[in-house]
Amino acid sequence: MSTKNNWNVPYSSIVWFFNVIKNHTKVLNVVREHDILFTVTDDEDKTYKILLLDEYRMGSAAVLKVIEEFGHIDFKVFGGNWNAATNEAYKVAKENEIALFDYSGILGALNLKNPKGYKQNEKKKNTTKSRNGA
């Protein structure tokens, strides 16, 4: 297992996410690869690839870079509740069957039979800021 990543995700964030995800009530197994890629098996024996990033403003270019570097993933977690993704990033992710979430979003999504269909609480979104951009 690599101990470094090219995405500048702090080790403290990786360890925190790993510990939280492995203790999720629906998660049976978690394997960490490439430092920031997690393969998660849930209690229905479904397996998901979750990529952890720390992107203050997730843009479409970052989504495309992830696809190029990691291939198929199911979820891209872009960081804490203060982080966000642009409308274009959500569009590109959806076209490539990737769900984008912050930390709380992925934890909520894993409770569902169809986690990719999970819609995060709309009240959390800051509607005064533009979500457009790369």
Side-chain angles (χ1 to χ4, degrees):
M1 169 175 40
S2 170
T3 57
K4 299 196 186 272
N5 65 77
N6 296 328
W7 291 82
N8 298 317
V9 179
Y11 182 70
S12 59
S13 296
I14 296 166
V15 170
W16 180 85
F17 184 75
F18 179 75
N19 287 328
V20 168
I21 206 82
K22 79 177 181 181
N23 289 306
H24 190 284
T25 57
K26 299 288 187 178
V27 171
L28 298 179
N29 190 46
V30 180
V31 176
R32 185 174 136 217
E33 336 166 28
H34 306 289
D35 203 35
I36 57 174
L37 182 63
F38 300 82
T39 301
V40 174
T41 305
D42 71 9
D43 61 357
E44 294 185 18
D45 206 31
K46 294 180 186 169
T47 301
Y48 304 104
K49 296 273 188 188
I50 303 173
L51 186 70
L52 176 66
L53 298 179
D54 185 16
E55 297 278 327
Y56 181 71
R57 179 69 85 198
M58 171 68 61
S60 59
V63 175
L64 293 170
K65 184 177 174 189
V66 162
I67 294 165
E68 183 179 316
E69 187 172 332
F70 294 95
H72 172 76
I73 62 166
D74 298 292
F75 304 101
K76 187 172 178 180
V77 177
F78 49 79
N81 295 337
W82 54 90
N83 297 21
T86 65
N87 290 332
E88 187 65 23
Y90 280 107
K91 179 182 173 198
V92 171
K94 186 175 182 177
E95 289 168 356
N96 288 279
E97 300 179 357
I98 300 170
L100 301 181
F101 293 116
D102 65 15
Y103 291 143
S104 61
I106 189 65
L107 297 175
L110 288 172
N111 288 311
L112 302 178
K113 289 189 183 290
N114 176 21
K116 286 187 180 181
Y118 181 73
K119 303 291 184 217
Q120 273 191 265
N121 185 348
E122 289 296 319
K123 287 191 282 186
K124 287 183 143 193
K125 294 185 178 168
N126 183 348
T127 56
T128 61
K129 281 188 195 174
S130 171
R131 290 177 40 197
N132 294 324

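Here, residue 1 is the first one in the sequence, and each next residue gets the next number. No hydrogens, no waters, no symmetry mates; every other heavy atom, side chains included, goes into these values. All figures in this text were calculated on a predicted structure; none of them were measured in a lab.
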Taking atom types as modelled, find out whether Trp7 and Glu69 have a side-chain donor-acceptor pair closer than 3.5 angstrom. yes
Report the distance from atom NE2 of His72 to atom CD1 of Ile67, rounding to the nearest 0.5 Å. 10.5 Å
Look up atom CD1 in Ile73 and atom CD1 in Ile50, then write down how far apart they are to the nearest 0.5 Å. 9.5 Å
Would you find a donor on one side and an acceptor on the other, under 3.5 Å apart, between the side chain of Lys76 and the backbone of Ala62? yes
Does one hydrophobic cluster hold both Leu110 and Val31, with members joined at side-chain heavy-atom distances below 4.5 Å? no
Whether Lys116 side chain and Ile98 backbone form a donor-acceptor pair below 3.5 Å: no
Run the ring-centre check on Phe78 versus Phe101 and record whether the distance is less than 6.0 Å. no
Tell me, yes or no, whether the heavy-atom count around Asp45 atom CG, taken from other residues, nucleotides or ligands under 6.0 Å, exceeds 12. no
Does the side chain of Leu51 reach to within under 4.5 Å of the side chain of Phe70, using non-hydrogen atoms? yes
Is there side-chain contact between Tyr103 and Ser13, with at least one heavy-atom pair below 4.5 Å? yes
Can you find a heavy atom in the side chain of Arg32 that is under 4.5 Å from one in the side chain of Ile14? yes
d(Asn29 CG, Ile21 CD1) to nearest 0.5 Å is 12.0 Å
Where the side chain of Asp74 meets the backbone of Lys49, is there a donor-acceptor pair that is under 3.5 Å apart? yes
Does Asn87 use its side chain to pair, donor to acceptor, with the backbone of Tyr90 at less than 3.5 Å? no
Does any part of the side chain of Thr47, heavy atoms only, come nearer than 4.5 Å to the side chain of Val40, both counted from C-beta? no
Following the transitive rule for hydrophobic clusters with a side-chain heavy-atom cut-off under 4.5 Å over Ile, Leu, Val, Met, Phe, Trp and Tyr, establish whether Val77 and Val20 coincide in one cluster. yes
For Leu107, does its backbone N or O pair with a side-chain atom of His24 as donor and acceptor, under 3.5 Å? yes
Considering all heavy atoms, the nearest Ser104-Asn81 contact: OG-OD1, 3.3 Å
Working for side chain to side chain contact (heavy atoms under 4.5 Å, CB included), residues Val92 and Leu64: CA-CA 8 Å; Val92 171; Leu64 293 170; 3.7 Å; yes
So which atom in Ala85 and which in Leu100 form the shortest heavy-atom distance, rounded to 0.1 Å? CB-CD1, 4.0 Å
Does CD in Glu44 sit with more than 12 non-hydrogen atoms of other residues, nucleotides or ligands closer than 6.0 Å? yes
For the atom pair CD1 (Ile106) and CG (Asn111), what is the distance rounded to the nearest 0.5 Å? 10.0 Å
How about Phe38 and Phe17: are their ring centres within less than 6.0 Å of each other? yes
Measure across Pro115 and Ala109 and return the closest heavy-atom pair with its distance rounded to 0.1 Å. CB-O, 3.2 Å
Is the side chain of Asp54 donor-acceptor paired with the backbone N or O of Val9 at a distance under 3.5 Å, no angle test? no
For the NZ atom of Lys26 and the OG1 atom of Thr41, what is their distance to the nearest 0.5 Å? 15.0 Å
Any chance NZ of Lys46 has more than 12 other-residue heavy atoms, nucleotides or ligands included, within less than 6.0 Å? yes
Quick one: closest heavy-atom pair of Ala89 and Ser60, and the distance? CB-N, 3.8 Å
Once rounded to the nearest 0.5 Å, what's the spacing between atom CD of Glu55 and atom CG of Asp102? 13.5 Å
I'd like to check Met58 versus Thr86 (side-chain heavy atoms, cut-off strictly below 4.5 Å). Are they in contact? no
Counting only heavy atoms not in Glu95, do more than 12 fall under 6.0 Å of its CD? yes
Any side-chain heavy atom of Thr39 sitting closer than 4.5 Å to one from Val30? no
